[in-house]
Amino acid sequence: MSVDLNGIGPGQVNTQKTTGDKSAATQPSQSAAPEQAKAQSPRGDNVNLSNQAKNLKQLEQKLGDYPEMDDDRIEQIRTALADGSYKIDAEKLAQKMLDMDESIFG
């Protein structure tokens with residue numbers, strides 16, 4: 001069994017030869033035979049995942065349990081903005097902006 005990771009099935013592959021392919025086909029070479037044998041050999045269906053990939057998959061599953069947004073925190077901020085009690089720490093904001101700049105541009 002082979003797994004198609006690109007989403008291209010056998011009926012979707014362009015099998016028409018380009019002009020470069022046609023000229024190569026009219027001039028047979030001995031090196032073409034091994035390449036064709038490799039292309040026609042069946043692929044195995046074994047997949048080996050690294051430990052890092054396994055850990056990432058477990059982390060992804062754990063994160064799926066958490067909501068994408070913290071609705072309670074969003075409501076607290078909305079309420080604070082509406083009544084004017086939301087305070088912005090300018091130094092903290094500036095530091096976070098510098099940190100983000102450093103992470104992006106190095």
| query | Quick one: does Glu75's side chain get under 4.5 Å of Thr79's, heavy atoms only? | reply | yes
| query | Hey, any chance Leu93 and Ile77 share a hydrophobic cluster, counting ILVMFWY side chains that come within less than 4.5 Å of each other, even indirectly? | reply | yes
| query | Is the count of non-hydrogen atoms from other residues, nucleotides or ligands lying under 6.0 Å from Gln52 atom CD greater than 12? | reply | no
| query | Are Asp71 and Arg73 close enough, and set up right, to give a side chain to side chain contact (heavy atoms under 4.5 Å, CB included), and what steps lead you there? | reply | CA-CA 6 Å; Asp71 293 332; Arg73 179 70 179 141; over 6 Å; no
| said: Do Tyr66 and Leu56 land in one hydrophobic cluster if side-chain heavy atoms of ILVMFWY residues count as linked below 4.5 Å? | reply: no
| field | Gln76 side chain to Asp72 side chain, donor-acceptor N/O pair below 3.5 angstrom | value | no
| query | Which value, rounded to the nearest 0.5 Å, describes the distance between Gln95 atom CD and Glu102 atom CD? | reply | 10.5 Å
| Side-chain heavy-atom pair Met100, Leu98 within 4.5 angstrom cut-off | no
| Common cluster, Ile88/Met97, ILVMFWY with side-chain heavy-atom separation under 4.5 Å | yes
